[in-house]
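Position 1 is the first residue of the sequence, and the numbers go up from there. Please read all numbers here as calculations on a predicted model, not as lab measurements.
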Amino acid sequence: MKPNFIIAGAPKSATSWLVNALKRHPDTYLPRSELHFFNIKENYARGFDWYCGKFDPGKGRRAIGEKTPNYMWITPAPHKSRFGTHLPDIHKAIHGLLPNVKLIFVLRDPVDRLVSAFNHYRRSGQFSPYWNLEDVVFGRKAHLGEKYGLIDMGLYAKHLEAYYQLFDRSRLKVIITETDIKGAADKTLMEICRFLDIDPAHPEMNPGKEVNPFDPIRVSQAYLNYLNPFPNVTPLKRGARFASKILKGPPLEKYVPDENILKQIAAIYAEPNQKLFTLIGRQDVDWK
């Protein structure tokens, strides 16, 4: 079955919160995990039938969709990551196979999103837990920051403009994390239900809490994750957890950047943010 909506971005912006809310509605269906079909070469090569086979909603579900936040990132240089080989021009691939799909984008202050992504990568093994943000954004590890789109993913206007060129505006819904979720979650969920043509009066959709909070692990486990050449092999991931219990050591604390670094990053986003607000018709957003 073809999906009729996709939560397409942005990473580390409360998309998991939105999925958790939508799964509470009886008229929606989403697979348990992110599918990474349109953005990963190895998955896309499996074919559209493989993708559609991931949706088994049963009877009576009107809103059938998936969440892969990396779909918003349309300009990666083709490269290999832990998911596989990343593809550019994802918006064209989606439009080619699902021209009538509805798209939801959840956008967070790009400075906060970048810091959150950096902490996630330190934990999951893309980055060493001993690196700092300045090195990965501006210094000797900047090529890895570029590889994982630390700056580029937050240039929202550039990515959304490409989607607006292909899809009718009525099929795109943009949500601001700080204003629409943290500030008016229940109202926003009702708007999303109307956007998806499902009953907006369903109670208790709001999960009321952060879905993916930072969950500290030991520094030793984070470093073993970084050294692991086969990160998708479950026994190796379990081995890293087991080894960290033997090695012990301090917990991996959430990295808090220096204020001067945050100001430098905010300066990068200042003009693109204004382009975004004009593009989506919002002037009520108070980002750094």
Enumerate, atom names and distances included, each donor-acceptor pair closer than 3.5 Å involving a side-chain atom of residues 95-109, sequence neighbours excluded.
unit_1 : atom_1 : unit_2 : atom_2 : d
His95  : NE2    : Leu166 : O      : 3.3
Lys102 : NZ     : Phe195 : O      : 2.4
Lys102 : NZ     : Asp197 : OD2    : 3.0
Arg108 : NH1    : Lys12  : O      : 2.8
Arg108 : NH1    : Ser116 : OG     : 3.4
Asp109 : OD1    : Val111 : N      : 2.9
Asp109 : OD2    : Lys288 : N      : 2.9

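- Residues satisfying the side chain to side chain contact (heavy atoms under 4.5 Å, CB included) criterion with Pro31, sequence neighbours excluded, are Tyr29, Leu35, Phe55, Glu66.
- Among residues two or more places apart in sequence or in another chain, the side-chain hydrogen bond (donor to acceptor under 3.5 Å, both in side chains) test is passed with Thr179 by none.
- Inspection of the Asn70 and Thr68 side chains reveals no N or O donor paired with an N or O acceptor under 3.5 Å.
- Counting only residues at least two apart or in different chains, side chain to side chain donor-acceptor pair (under 3.5 Å) contacts with residues 144-154 comprise Trp73-Asp152, Thr75-Asp152, Asp152-Lys158.
- Ser33 is linked by a side-chain hydrogen bond (donor to acceptor under 3.5 Å, both in side chains) to nothing, counting only residues two or more places apart in sequence or in another chain.
- Scored by the side chain to side chain contact (heavy atoms under 4.5 Å, CB included) test, Asp286 finds no partners at all (sequence neighbours excluded).
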For residues 257-270, run the donor-acceptor check on the side chains, cut-off 3.5 Å, and write out each pair with its distance to 0.1 Å, sequence neighbours left out.
unit_1 : atom_1 : unit_2 : atom_2 : d
Asp258 : OD2    : Asn260 : N      : 2.8
Tyr269 : OH     : Leu150 : O      : 3.4
Tyr269 : OH     : Ile151 : O      : 2.7

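- At a threshold of 4.5 Å between non-hydrogen side-chain atoms, the residues Cys52 and Met1 do not count as touching.
- Among residues at least two apart or in separate chains, salt bridge (charged side-chain N to carboxylate O under 4.0 Å, His left out) pairs with a member in residues 175-186 are Asp180-Arg282.
- Residues passing the side chain to side chain contact (heavy atoms under 4.5 Å, CB included) test with Asp49, sequence neighbours excluded: none.
- When the salt bridge (charged side-chain N to carboxylate O under 4.0 Å, His left out) test is applied to Glu191, the partners found at least two apart in sequence or on another chain are Lys173.
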Pairs of donor and acceptor atoms involving the side chains of residues 134-141, under 3.5 Å and at least two apart or interchain, shall be tabulated with distances.
unit_1 : atom_1 : unit_2 : atom_2 : d
Asp135 : OD2    : Arg140 : NE     : 3.4

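- For Tyr164, there are no ring pair (Phe, Tyr, Trp, His ring centres under 6.0 Å) partners, not counting sequence neighbours.
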